[in-house]
Amino acid sequence: MAKIIITIDGPAGSGKSTIASLVAQRLGVTFLDTGAMYRAVTLAAMQQDVNLADEEQLSNVLNQNAFEFVPQKDTIQVHLNDVDVTDSIRTPDVTANSKFIAASPKIREKLVKMQRDFASTRNGIVTEGRDQGTVAFPDADVKIFLTASLEERSRRRQNQPQNQGGGGQIEQIKETINHRDACDKNRSTGPLIPAEDAITLDTTNMNIEQVVETILQIVEEKNQC
Ligand code: C5P
């Protein structure tokens, strides 16, 4: 299969980044964390005191700032106007405010285009987010929808390193995750929903290696068709 595209969508804390980066490494292709893009625009808007409810102003943020996304082995380095903001986009404030950027159809359209342009320059990608299988790459070779119980996702989030949004009280994390999922599911453009042809994996009782192996197996089966 030439230039493989694998999409991994799912709710907050379902392990998308970890799994997508490992699958990408195993296949020798590029990992794309599209959440980092929404976070970077959020950070820029916050730094520039933009009214987050004003779509026109948000759209200007994308046009008037330089965003650079540099894929690393297991993360994506983010530069905003040549400043490394890889850690700054993971703060609780940016996480909370990203819902405004995610709800903007104009921003989504531009970011989806950036994601497709990015994919076109690579020899294959494993891309993760909320709308990768439904909107950004409807013709992807393999589409995965990762889920896990709210309890398990909250526990995983809590155990992440602090500079990646980890730590905190479990009840608070549950509430935050629940709220983010509700916003992601209920917006009109690019909502969080499995693509019709996505394979849903409930990873509540699976470890990372099992999830990675399951996805690689699905990819291999697809390759044989
Ligand atoms: O995945 P992550 O938590 O980093 O994403 C941050 C936010 O960006 C999500 O809560 C979601 O609202 C938004 N997002 C999105 N579409 C994507 C990726 C992320 O709406 N493809």
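Bear in mind the structure is a predicted one, so any value in this text is a computation, not a measurement. Counting starts at 1 for both ligands and their atoms, in listed order.
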Checklist entry - If you count the atoms of ligand 1 from 1 in the order shown, which ones are under 4.0 Å from a heavy atom of Arg187? => result 12 (O), 15 (C), 20 (O)

Checklist entry - Does the side chain of Pro11 come within less than 4.5 Å of Lys185's, by heavy atoms? => result no

Checklist entry - Closest non-hydrogen protein atom to atom 7 (C) of ligand 1, residue and atom name please, with distance? => result Ser98 OG, 3.5 Å

Checklist entry - So, are Lys174 and Glu171 salt-bridged, with charged N and O less than 4.0 Å apart? => result yes

Item to check | Among Asp197, Ile193, Thr7, the one residue meeting side-chain contact (heavy atoms from CB on, under 4.5 Å) with Thr134 | outcome: Ile193

Checklist entry - Any side-chain heavy-atom pair from Val112 and Asp131 closer than 4.5 angstrom? => result yes

Checklist entry - Given side chains that start at C-beta, do those of Ile125 and Phe118 come closer than 4.5 Å, heavy atoms only? => result yes

Item to check | Which residue and heavy atom of the protein sit nearest atom 9 (C) of ligand 1, plus the separation | outcome: Arg130 NH2, 3.4 Å

Checklist entry - Between Glu151 and Arg155, is there a salt bridge with N-O shorter than 4.0 Å? => result no

Item to check | Protein heavy atom at shortest distance from atom 8 (O) of ligand 1 | outcome: Tyr38 CB, 3.4 Å

Checklist entry - Is Glu209 salt-bridged to Arg26, cutoff N-O under 4.0 Å? => result yes

Item to check | Qualifying residue, where the test is side-chain contact (heavy atoms from CB on, under 4.5 Å) with Leu32 and the options are Met114, Glu128, Arg122, Met37 | outcome: Met37

Next on the checklist: Which option wins on minimum heavy-atom distance to atom 2 (P) of ligand 1: Lys99, Arg180, Lys16?
Outcome noted: Arg180

Checklist outcome for this item: For Gln132, the ligand 1 atoms with a heavy-atom partner under 4.0 Å come out as 21 (N)

Next on the checklist: Geometry only, no angles: is Thr34 polar-contacting ligand 1 at N/O separations under 3.5 Å?
Outcome noted: yes

Checklist entry - Which atoms from ligand 1 have a heavy atom of Ala102 less than 4.0 Å away? => result 12 (O), 13 (C), 20 (O)

Checklist entry - Considering only heavy atoms, does Arg39 approach ligand 1 within less than 4.0 Å through its side chain, its backbone, both, or neither? => result side chain

Next on the checklist: Is there a polar contact, in the sense of an N or O pair closer than 3.5 Å, between Asp131 and ligand 1?
Outcome noted: yes

Checklist outcome for this item: heavy-atom search around atom 12 (O) of ligand 1 in the protein gives Asp184 OD1, 2.5 Å

Checklist entry - Identify the closest protein heavy atom to atom 5 (O) of ligand 1: which residue and atom is it, and at what distance? => result Gly35 CA, 3.5 Å

Checklist outcome for this item: For Ala102 and Arg108 the tightest heavy-atom approach is O-NH1, 2.8 Å

Item to check | Any N or O of Arg108 closer than 3.5 Å to N or O of ligand 1 | outcome: yes

